[in-house]
Amino acid sequence: MGDLAVGARSGHEGPEERPGRSDAPGVEAAAGGTNPGSDAAGGDETQSGPDGKDSRDSKDSAGGKDSKGPKKQRSFWKELPLLIGIALVLALVIKSFLVQAFSIPSDSMQNTLQQGDRVLVDKLTPWFGSEPERGEVVVFKDPGHWLDGEPTPDPNAVQRVLGWIGLMPSADEKDLIKRVIAVGGDTVECKGDGPVKVNGKALNEPYVFAGNTPCTVDDQGGQFKVTVPKGKIWVMGDHRQNSLDSRYHQNQPGGGAVPVDNVVGRAIVVAWPPTRWATLPKPDTFDQPGINALSSAAPGVLGLAGAVPLVLWRRRRLTVAAARSARVSGGSTAG
């Protein structure tokens, strides 16, 4: 706090008498420019309040605001690391639970997807129990040796960091992208050059690469009839004659079907390049009447199975009630 002014006294006793002091205004200034409340040795002017205290002391004791001044704002450069940290955390959360970008490495999904396209994959709905549906384009982890012999990219340090936080597709992830043709419980088949049939219903597939046939005539897996196990999906590329999909892995564990647990998510949009921007909807052919015949019959069968015990229980109650009524009536007549 500030020093008390020289000659100031506490209390309210009035000004101190000094020899040679003049009460006339301006005399003190003319005599030497000093005033009874000033420090002649230091020349630091102070002002005394009514009680003789330094006015600056009064301001300081009142709260100290005037002595400290306004609070300085934090520099942008000091806040920048915090902002970057928050952005990285948000990017990791989005990549892990919401949406992730993937790069298309081959031509197996032409012309729906071109090599070098970037797609955004929905990773949120699987967390709520949603399973892949027929017709969806999905990204899934290699179920086992599908990518053997495929060249692996060699990203630089920057690409690795951007891939880790989700701003670029990760080169370390062994993922594939195909279209779901059939789900668990479906029977899917290919004869001749097509069409593909699911549960006996022929698919109309305008997305198949121009010049390709829906089915491939060969002895390596192109001709088949398979019932997909529960909890798995049957996938095929849109470029049918240039796609190593479920058809060509029937000799491996799982018979070519992909476990649902391996599915990362559904590709929902082509995000890059901008000239290729497009959504990836489910084709109408997978909603045709009768394609879900087996699955739609299941609720009816379960309902019938549940109704039979109820009907039998009700009939038994009616029989017992009728027998009791007969006994009561016979007893009354005998009496």
- prompt: Should we say atom CG of D284 is surrounded by more than 12 heavy atoms from elsewhere, each under 6.0 Å from it?
  reply: no
query: Is a side-chain donor or acceptor of H239 paired with a backbone partner of D107 at a separation under 3.5 angstrom?
result: yes
field: Backbone of D238 reached by a side-chain donor or acceptor of Q110 within 3.5 Å
entry: no
- prompt: Does any non-hydrogen side-chain atom of V119 lie less than 4.5 Å from one of I104?
  reply: yes
message: Show, in sequence, the C-alpha distance, side-chain angles and deciding distance for T112 and L280, and conclude whether the side-chain contact (heavy atoms from CB on, under 4.5 Å) test is met.
response: CA-CA 8 Å; T112 303; L280 298 170; 3.8 Å; yes
- request: Mind running side-chain contact (heavy atoms from CB on, under 4.5 Å) on L203 and I181 for me, showing each step along the way?
  value: CA-CA 9 Å; L203 300 180; I181 300 298; 4.1 Å; yes
message: Could you measure the distance from the CG atom of L176 to the CG atom of L147? Nearest 0.5 Å is fine.
response: 4.0 Å
- prompt: Once the angle between the rings of F286 and Y207 is folded into 0 to 90°, is it parallel (under 30°), tilted (30 to 60°) or perpendicular (over 60°)?
  reply: parallel
message: My understanding is that only residues two or more places apart in sequence, or in another chain, count here; which of them pass salt bridge (Lys or Arg N to Asp or Glu O under 4.0 Å) with D287?
response: K282
field: Flag side-chain contact, heavy atom, 4.5 Å: V264 against K123
entry: yes
- request: May I ask you to check whether F224 and W234 place their ring centers less than 6.0 Å from one another?
  value: yes
- prompt: Can you check whether Q241 reaches F209 side chain to side chain, under 4.5 Å on heavy atoms?
  reply: no
- prompt: How about V270 and L113: do any of their side-chain heavy atoms sit closer than 4.5 Å?
  reply: yes
query: side-chain contact (heavy atoms from CB on, under 4.5 Å) between I233 and V228: does it pass, once the steps are laid out?
result: CA-CA 7 Å; I233 57 176; V228 183; 5.6 Å; no
statement: When rounded to the nearest 0.5 Å, the distance separating CE of M236 from OG of S243 is 8.0 Å
Close side-chain approach of E205 and V196, heavy atoms under 4.5 Å: yes
task: Go through E189 and K191 one step at a time and tell me if the side-chain contact (heavy atoms from CB on, under 4.5 Å) criterion holds.
output: CA-CA 7 Å; E189 61 181 309; K191 290 184 178 180; 3.5 Å; yes
field: Test: D245 and R179 ion pair at under 4.0 Å
entry: no
- prompt: Do we see a donor-acceptor contact under 3.5 Å between the side chains of K201 and Q288?
  reply: no
task: Heavy atoms only: give me the nearest P259-P143 pair and the separation to one decimal.
output: CD-CB, 4.1 Å
- prompt: If two hydrophobic side chains count as joined below 4.5 Å and joins carry through other members, does W277 share a cluster with I268?
  reply: yes
query: Taking C-beta and beyond as the side chain, do R134 and V183 meet within less than 4.5 Å on heavy atoms?
result: yes
Side-chain heavy atoms of P195 within contact of C215, under 4.5 Å: no
message: Would you compute the distance between atom CZ of F140 and atom NZ of K178 and round it to the nearest 0.5 angstrom?
response: 6.5 Å
field: N/O donor-acceptor pair under 3.5 Å between N199 side chain and T187 backbone
entry: yes
query: Can you tell me how far CZ of R247 sits from OG1 of T216, rounded to the nearest 0.5 angstrom?
result: 4.5 Å
- prompt: What's the spacing between F102 CZ and I177 CD1 if we round to 0.5 Å?
  reply: 8.5 Å
field: Point-to-point distance, once rounded to the nearest 0.5 Å, from CG of L244 to NE2 of H249
entry: 6.0 Å
query: Within a strict 4.5 Å, meaning less than it, do heavy atoms of the V260 and P132 side chains meet?
result: yes
- request: State whether a side-chain donor-acceptor pair under 3.5 Å links T125 with R266.
  value: no
- prompt: S108 and N242: side-chain donor and acceptor closer than 3.5 Å?
  reply: no
